[in-house]
Amino acid sequence: MEQNNSLPPFQGLASPQGAMTPGMPIFSPMMPYGSGLTPQPVTNTNSLSLLEEQHRQQQQQQTPQLYHSQTVTTTTLPGNTPLYTTTPLTPMTPITPATPASESSGIVPQLQNIVSTVNLGCKLDLKTIALRARNAEYNPKRFAAVIMRIREPRTTALIFSSGKMVCTGAKSEEQSRLAARKYARVVQKLGFPAKFLDFKIQNMVGSCDVKFPIRLEGLVLTHQQFSSYEPELFPGLIYRMIKPRIVLLIFVSGKVVLTGAKVRGEIYEAFENIYPILKGFRKTT
Amino acid sequence: MAIWGIGDVLALPKVQCPNHPDAMLVEDYRAGDMICPECGLVVGDRVIDVGSEWRTFTNEKATQDPSRVGDAQNPLLNGGDLSTMISKGTGAASFDEFGNSKYQNRRTMSSSDRAMLNAFKEITTMADRINLPRNIIDRTNNLFKQVYEQKSLKGRANDAIASACLYIACRQEGVPRTFKEICAVSRISKKEIGRCFKLILKALETSVDLITTGDFMSRFCSNLGLPKQVQMAATYIARKAVELDLVPGRSPISVAAAAIYMASQASAEKKTQKEIGDIAGVADVTIRQSYRLIYPRAADLFPPDFKFDTPVDKLPQL
């Protein structure tokens, strides 16, 4: 656990092992703080983890780190003078990935919704489907697809006349596949030569709770590149993580919604990336 | 005003003094001559006279300034207004046999910027409605020009882009207007303005500061007719409420409205939630919700030197 410098997520100037010479330019490949595309914790904000750092940096620090500032500053170690003062608005540089030096959170995001598509491989007559199937609605003036629902797993499907189908509402990949198969079976029983081609999960949504309130104003200041927080438009902060490509909705209460994943691992990875950052912006009162 | 500078000697056909071929000719802009500095010989070879075409005298009756040829250029914003316009003729010769004017087509001036000029007009109209100063209008025009030239938001309605640019310009100048205020002067919905706002920030790769409760206090309070004391008290209350984290997750506008309500109710100028809601663009239930959150700590929130017309314990409790 060596986070000597407070730094913005994508640039750092001193390695914890002192392996870099002072004044090394920003674009060095020896960045220990992970890829510029993955968020990194900013450690100079008032947070509980600061107390840990203060122990380690007692002798080294020139400037006190615990001050209520929400701006990013680079604190200097004697001998490692940063050449550049970094601002949150400088473009990020992709750097070789390395693991952040904190232990993993004990929290696992739960999947809430899976959207998948499948091609039934034949043209369908929506009118007959709507008339003969149970739990189907079809209003061609409003939308050009049959909306069918099944109870187990509780899902909804949009079935188009081209034979393509969208299945939403499942809570796991297996359930989504099973549900899509059930819909295909229904269509097959109605007399169409339905197949099950190219089943693909298009989107996965997960949610979890970090169990502490979060200072969104601080987060948007330091992670300006990725965050959008407009209380007039939406009460949550919209964090667009680049790697993995996930959008997170972060709320003051500590609840986090993750969406845009194609595989389960992306959700978990994104949450593991954001958790240390959120810890850094925990509300202390 | 010199068109040909000394440095343009290379572009000209080589004019030089016959006695001093190396000397750089000095120009006399008034008469349009080029004079050799060594011997004073006038090597006047110029056809163009940059002086004015006629002498003008200030004439109180004439409203036009006869020395002006055309409108003032808007060089920052247009792509250089170098196009020819044919105006409506005067006199008998400009009409053909049927009485229609010849050369009736005076359109197509800078067709590429037609949409941009339209947008500028729209921006000025919108800004006029809420009395925005010239600097914000200029900033908005610049933002619009940047967005328009980038073409990344080409599909969106120009009015939506213009409204969003106006919103961003107000924010950047440190005097933010709420989305609802911009909606009030624009035909575009808040949703669309919000979408365009986010897209423009991404396209121009800028960001804006977060809004705070204090940004709106002076405007809301003056619109309600509240005295300065009440305004200052409301500012203090709102700031304290945010510092003490009594209103987590609430929009700063709602908190500001609740603070104004509390301050006005404690003073002689009491305003109802409905009135404040009308001015701030906030529903009165929202004010009620935020007020309920700050009410328990009301005694701590008021500034120390505040003169209470209604004491803290008599404040309305909804």
Side-chain angles (χ1 to χ4, degrees), chain A residues 8-10 45-47 68-72 86-93 209-242 245 247 249-257 278 281-285, chain B residues 164 167-168 170-172 176-183 189-213 215-216 238-257 280-283 286 289-290 293 297:
Chain A
F10 29 81
T45 52
N46 35 333
S47 69
H68 280 252
S69 98
Q70 294 192 341
T71 57
V72 176
T86 51
T87 66
L89 286 180
T90 48
M92 51 189 184
T93 51
D209 187 3
V210 299
K211 305 274 194 301
F212 52 79
I214 303 172
R215 275 184 305 112
L216 299 181
E217 313 82 42
L219 184 54
V220 77
L221 272 174
T222 47
H223 289 70
Q224 240 156 1
Q225 300 289 86
F226 313 104
S227 324
S228 157
Y229 177 44
E230 283 300 320
E232 278 188 273
L233 295 177
F234 188 63
L237 188 153
I238 302 170
Y239 193 104
R240 292 179 189 275
M241 204 179 280
I242 312 278
R245 180 158 238 108
V247 175
L249 305 176
I250 304 168
F251 295 88
V252 182
S253 56
K255 301 257 185 350
V256 179
V257 174
L278 296 181
F281 288 101
R282 181 182 194 142
K283 275 196 188 157
T284 46
T285 51
Chain B
Y167 179 80
I168 296 175
C170 293
R171 269 272 196 115
Q172 286 181 339
R177 298 293 187 273
T178 62
F179 276 109
K180 292 196 170 152
E181 287 174 310
I182 303 286
C183 264
S189 68
K190 175 172 183 260
K191 198 161 146 188
E192 185 60 27
I193 301 182
R195 275 202 209 118
C196 289
F197 163 73
K198 287 193 224 161
L199 288 171
I200 294 175
L201 286 187
K202 173 148 272 185
L204 300 181
E205 286 177 6
T206 38
S207 62
V208 286
D209 289 332
L210 209 51
I211 52 175
T212 57
T213 49
D215 296 332
F216 306 98
R239 204 186 69 228
K240 263 285 161 38
V242 173
E243 273 172 25
L244 297 174
D245 197 30
L246 303 173
V247 283
R250 300 271 159 192
S251 167
I253 320 284
S254 322
V255 177
V282 183
T286 312
Q289 294 280 38
S290 302
L293 291 171
R297 303 281 300 266

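Computed from a predicted structure; not experimentally measured. Sequence lines set the chain letters: A, B, ... in the order given, protein chains first and strands last, and positions in each chain run from 1.
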Q: Report yes if the side chains of Ile214(A) and Leu216(A) come closer than 4.5 Å at any heavy-atom pair, otherwise no.
A: yes

Q) So, are Arg171(B) and Glu230(A) salt-bridged, with charged N and O less than 4.0 Å apart? A) yes

Q) So Tyr239(A) and His223(A), would you call those rings parallel, tilted or perpendicular, with 30° and 60° as cut-offs? A) tilted

(Q) If I measure from the heavy atoms of chain B, does Ile238(A) come under 4.5 Å with its side chain, its backbone, both, or neither? (A) side chain

Q: Side chain from CB out, backbone as N, CA, C, O: work out which of these in Ser254(B) comes under 4.5 Å of a heavy atom of chain A, or both, or neither.
A: neither

**Q.** Lys/Arg N to Asp/Glu carboxylate O, Lys283(A) vs Asp245(B), below 4.0 Å
**A.** yes

Q.
Is Lys202(B) in contact with chain A via its backbone, its side chain, both, or neither, using a 4.5 Å heavy-atom distance?
A. side chain

Q: Go through the atoms of Ile211(B) and report whether side chain, backbone, both or neither lie under 4.5 Å from a heavy atom of chain A.
A: side chain

